[in-house]
Amino acid sequence: MRVTDLSRLAAAELDRLVKGGKPRKKPFAVKDNIATKNHFTTSGSKILQKYQSPFEATVVDQLRNPKSNPKNGKVVLGKTNLDEFGMGSHSTNSFFGPVLGMSPLRRHSVGGSSGGSAMAVVTGECGFALGTDTGGSVRLPAAYTGIFGFKPSYGRISRWGVIPYANSLDTVGVLGTSAQSILETLTPEVMYSESRDPTSLGAKSLYRMRNERKVLAISSGRVHRNEGVGQYLQTNFRRLKIGIPMEYNIAELDPAVREEWRHALNLFQERGCTLVPVSLPNTKHALSAYYIIAAAEAASNLAKYDGVRYGTRADSSDGAGNVLYSRTRGEGLGDEVKRRILLGSYTLSSKAIDNYFIKAQKVRRLVQRDFDRVFALPNLLRYQEQFNLSDMAETVPMEDKKGPPQVDFIVCPTSPTLPPTRNVVQKQSSVETYMNDVFTVPSSLAGLPAISIPFKLPGKQPGFAGIQIIGQFSDDYRLLLTASALAKLQARKASLVKKHTAALIRRVTSSKGFQKGSEETVRIRTHLSTESFEVKTYLSSGKSFDLRKHPTVGGENRMREPRTAKEIDRFVEDAFGDWDSMTSGDNQK
Amino acid sequence: MTLPPLFVRPMPFQSRFKIILGAVDVMDGPVWAGPPELGPEARAGRCLVEKCGERSRLERSPMYSIVAVVCLPGCCEQSHHESIRPVSTQTLRSILAGRRAALLLDLLAAQTTSKPVTRVASPISGMTNARSTHATSTTTIKDCHPIGTSSTNRVLLYPKINRLAYAPRTLRHPLSILIVRPTIPPAALFYQSTLSFFKGLHYAMTRTPPAVLRKYLFGGQISRTGYSADPAPTIPFRKQLKDAAKKRKSEGAAKTSREDNQKLEEWELTVGIEIHAQLNTARKLFSTAASSINDVPNTHVALFDLAMPGSQPIFQKETLIPAIRAALALNCKVQKTSKFDRKHYFHWDQPSGYQITQYYEPFAKDGYITLYAHDGIAKEDGDEIQIGIKQVQMEQDTAKTISQPGEIHLLDFNRVGLPLIEIITLPQIHYPSTAAAFVRKVQILLNSVDACVLGMQSGGLRADVNVSVRRRAEQGTGAEYAGVKGLGQRTEIKNLSSFKAVEDAIIAERDRQIQILEAGGAIEGETRGWTIGSTETRRLRGKEGEVDYRYMPDADLGPVIIGDDLLTYLEKTLGVLPDEEIKLLVEVYGLTTKDALSMVSLNEGGRAEYFRNVVDHLLELDDRRDLKTAGKLAGNWVLHELGGLASDAAEEENALQMTSEGDCIINHRRLGDLIDRLDNNQITGTSAKKILTMLFEMSTDEQKTVKQLIDEEGLWFNPLSAAEYDELAKSILDMKIVEEILAGKEGKINFLLGKMMRADGEGRVDAKEATAVLRRIIEEHRR
């Protein structure tokens, strides 16, 4: 991690708080494009390298201030590095240098733009860190570093004090080691309505949405009148419908990621959720629309950096070179930022605006409508729309005569690939790096909450892939609870797997064909998990067995997957019975 | 009379102060100009001091608002001082309460003297309703230092503001003091201004060139004969007025030749105007920083105004109120939904790199203004003309640049983000004077509905004009704007800050374009500038230098949705606009247009209110009268006779204590009674005037009824008997004249009649009867 400004003050504050070796207050890190009073707020840019904000961002104040948050008053550990103004996907575009990964992933990209915040969490320096998510800037680093990254609904966390990149997309996000810790961080105080941020959801809107959600849940029979959200999940997990967006299964998807995606879906299915393929036909245009809108807004938002009132100023006069501020801005802004400003200025120019900016806005609306049509919960910000079936593509599967199925959440990968190495990133063109955001951008365009959950990959380096859950607008808490539940399922299953792997190894080593001393490897695959286990053992024949090929488990007549420990035991016994006979048969031949 | 407490305690030299009343020309450009870096606000308004007796005439004019001028004895000519007396506290208070100072000359003062700046604290800061201060406000002068020697004089200026409803908290300095160099006789200054007053109400007036004034104010030099470089021989004020009239006549002749310019047989001029007007609001458009006029620089600035990273705009709903009022006054359709857009360009006065405006969806569209002949439109436009308004949009003002020598620009962010409205007309104006009349009318309308309080003279209103010409016979190059086709290529002239500048710049640009076209050239679409006093517009930048503003909806700001309830309420409370009221007074009440104009403009509409009350009472007393007769009767008394009273007591700003609701020292019922008795021949005109004066001099609580007064004074009209007539006639008979009459000069009889009338001091002589008696007696002499 590279902390751009771990201030002395924070250290002193920490010292003061530490009593008997343990800090009483949880420290947290803040991405450097969120204003804090006692640190520089650089946004990773040269032009703001000495900029000290005269005010503090609401979200930091809420987390830090013991008055508004007495139980959870926390302390700012420091500011974390980022891509300049949040523009980048690998945290390499900072004036202060790239964010480095931690061993053994030192050479890998940590994702961006909140890479510094992600590494602050990964290294264990703080329990959670604040990031910002414009097109996936929190979720991507979370996926690349194996932690949780949450992007709330647009307008849910105050942006007052957050240096805007693309203000219609910017959200403050949280990175943490678990969904539970994120849930605990985002107290109602933090998710409160803010009068200084005009895009913040007002208290009235929040109240109205809460009530409408409750009424809808009760009327659909999914929840009892007196149940809270938590209870609802416990009792109704089985009734959840999970959408699998077909358009997300792209050719470029890394097989390992696809495997993890399947794994996550399996976990839901095992808990009784219904998996439904859904279609989000406009997804393919989302990425281009995003890069037009974001660049246009960036060009506008970054026009204020002229060095006159604050920030670094070039030595020459402001009018040097016959273009006002050209020196200051030329020296102060990085290449990627300049690229996007130029792109944005072009797409907004009177000749190009109709072809680019306005079309992109239309695509954005289509993307949002795609989501609205798929989610069971209506978008409570908008009047409910009646979707015309004839407008839909023929490929969209129908649930019944009324239309396609509607789901509670959408589950998809966070990124199409595993974290690339920085060398690879360096060789990529900027358009190629934009590809990383293909799965995160749609929910940003639609303003929806989304969380990236790490799934462990056995064997491979790096050993995780990010799986994203997307919820309907304003469904933030249910999304976090679901993510938390999913993470627990994953952990539970992993422990089950661990336990039974041990049983398997025991069983294998005690089997007939086993010979001590041989150094061959057998790979055993079971239905316990989509993960594969490599068991180094001492088999003479050195053959690999796939238990899934067993007639009782694989193929057309596959059995229901074992779920409880007892079932697994029985299943293992059955499988090994067959295996024994097979190996002995081999031996006989 | 004692001086107002306003000036008492902190001022050791208070007894040396005198306050005289003057007027600020609210319609025209600046009369004295500060250094250019002070910006248009600081380049104060025209100051016009007149003899006290003239004040009521001034009051009747919609063009002026009354100001007080404070000066020290010795600074002016004695003759000038004779009629000058201090105003009462009451008067000053009412000035302060009702008017907003556009002119804060602290800066100016600071530059002219190294001594501390004298500033007057606001009597109205923190109040919520302008009217309430009549009772509550107190005023003190802070940090007062006698500046210079006794020969220093000071001028207070109060520009006009009426019914100030929304800005009060922002008014930190309702008045301030300009320190004028001691050596100049202010009369010289006043003289020049007086001239312009007499040029008539509806013409753009010539102004004192800023350069001359600057010299005059800062260097004490007077370069023009009008300012009398040699210690001026004392010119009696009456002579000054006469001279002014003479000068006006001679200039009037010059003007006709210019008007010929407007009739261009071959070429048709087309003008579209964009007017930027500062809204009368307490806060900025997108931040809670107070709006201020000439406060200490950079004291009313919020984070957002400076575009601090991470700050966001919060739309101040209250700014909609004056904006909607303005839209309604301009007959616009107020849009239910409107949105804000960003207009991008780099300039140091624009901190965020863009201005927030309403480009795609303005809040008001499709309005119009009707201009009448009395508004000063070109003759060719006939009695009235309607100018369409394409749209009215809200936007942010920019920061104020204070330029220093050596390419240094100081920035004052107090102004940045103040709410403006931009009014965009259709290209329907074809004459320069109509264009000037349009801008003037917009100012009057905005002022009358409280939408904007600052006029052009103080920078509250700025105009850009788009000018194109085409041959009448053929279509232009086919340029199109707002659905008007076939226009010639247009050029834009930016930042015109006076009505005269609008007219002159259009004339100059039109002539330039015609000249080019006639020489076979082509007009380039470009932006041009205009310097006051020049004869040609100058090129600022061509098309290639045009900025692509890259308009884009502001994602931080939601749409503005204006509820019907607000609209209905504002429509209801908008009041009668000046034009309607004038029309009403002329058509229903039978006043002349001129009188109606004065009636409407006096006492912030209170005079008209009072007038109506009197008429109502007259109708009550005698229902055989019709509205027109009653109106004519009452109009004369309310306007001229009451005005005469006020001018006799000219030391008071509002001697009648006429409020804007139409209350006055003399109850309208009393005046009604009086007029009624006069109309019924129960008293004579002379007696009626006498009684009016008595009523005026009595305080309100001890006032007697008209009947009581007539009884006490024995003024009941009793006609002279025949014997008395004979006696009177004989007593004044002049044999010489009688002989002349007998010789055939019949007209001379009127001379005798006049003599007879005068001989009877009580006005009992009836002219008809008296003439008959005179004839009889003269005929007797024939024999």
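Each chain gets a letter, A, B and so on, in the order the sequences are listed, and its residues count up from 1.
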Original post:
Can you say whether A:Glu297 sits under 4.5 Å from chain B via the side chain, the backbone, both, or neither, judging by heavy atoms?
Top reply: both
Original post:
By number, which residues in residues 551-558 of chain B have some heavy atom less than 4.5 Å away from chain A?
Top reply: B:Tyr551, B:Met552, B:Pro553, B:Asp554, B:Ala555, B:Asp556
**OP:** Check whether A:Ile163 gets within reach of chain B through its side chain, its backbone, both or neither, counting any heavy atom under 4.5 Å.
**Re:** both
Original post:
Does a sphere of radius 6.0 Å around OH in A:Tyr356 hold more than 12 heavy atoms from other residues, nucleotides or ligands, not counting ones at 6.0 Å or beyond?
Top reply: no
Subject >> Atom NZ of A:Lys338 with >12 non-hydrogen neighbours under 6.0 angstrom >> reply: yes
**OP:** Under 4.5 Å, counting heavy-atom pairs only, tell me which of B:Arg550, B:Gln350, B:His344 racks up the most with chain A.
**Re:** B:Arg550
Original post:
Got a second to check how far A:Arg196's CZ is from B:Gln312's CD, nearest 0.5 Å?
Top reply: 9.5 Å
**OP:** Give the member of A:Thr199, A:Val162, A:Asp197 that has the highest number of heavy-atom pairs under 4.5 Å with chain B.
**Re:** A:Asp197
Original post:
So which residues of residues 341-348 of chain A are in contact with chain B at a heavy-atom cut-off of under 4.5 Å?
Top reply: A:Ser345, A:Leu348
Original post:
So, for B:Met308 and A:Phe55, which heavy atoms are closest and what is the spacing to 0.1 Å?
Top reply: CB-CE2, 4.2 Å
Original post:
Which pair of non-hydrogen atoms, one from B:Gly310 and one from A:Pro164, has the smallest distance, and what is that distance?
Top reply: N-CD, 3.9 Å
**OP:** Compare every heavy atom of B:Ala307 with every heavy atom of A:Lys304, then report the nearest pair and how far apart it is.
**Re:** CD-O, 3.2 Å
Subject >> B:Phe346, part contacting chain A, at a heavy-atom distance under 4.5 Å >> reply: both
**OP:** State whether a side-chain donor-acceptor pair under 3.5 Å links A:Ser300 with B:Arg342.
**Re:** yes
Subject >> Contacting region of A:Asn301 [heavy-atom separation from chain B under 4.5 Å] >> reply: both
Subject >> Expected output: side-chain A:Arg309 to main-chain B:Pro351 donor-acceptor under 3.5 Å >> reply: yes
Subject >> Under 4.5 Å from any heavy atom of chain B - which part of A:Asp306 >> reply: side chain
Original post:
Is the shortest heavy-atom distance from the side chain of A:Leu324 to the side chain of B:Tyr345 under 4.5 Å?
Top reply: no
Original post:
Are side-chain heavy atoms of B:Pro309 and A:Tyr305 found at a separation under 4.5 Å?
Top reply: yes
Subject >> B:Arg528 atom CZ, over 12 foreign heavy atoms within 6.0 Å >> reply: yes
Original post:
Between B:Asp548 (side chain) and A:Ser349 (backbone), is there a donor-acceptor pair under 3.5 Å?
Top reply: no
Original post:
Of all of A:Leu48, A:Asn167, A:Asn33, which one pairs up most often with chain B through heavy atoms under 4.5 Å apart?
Top reply: A:Asn167
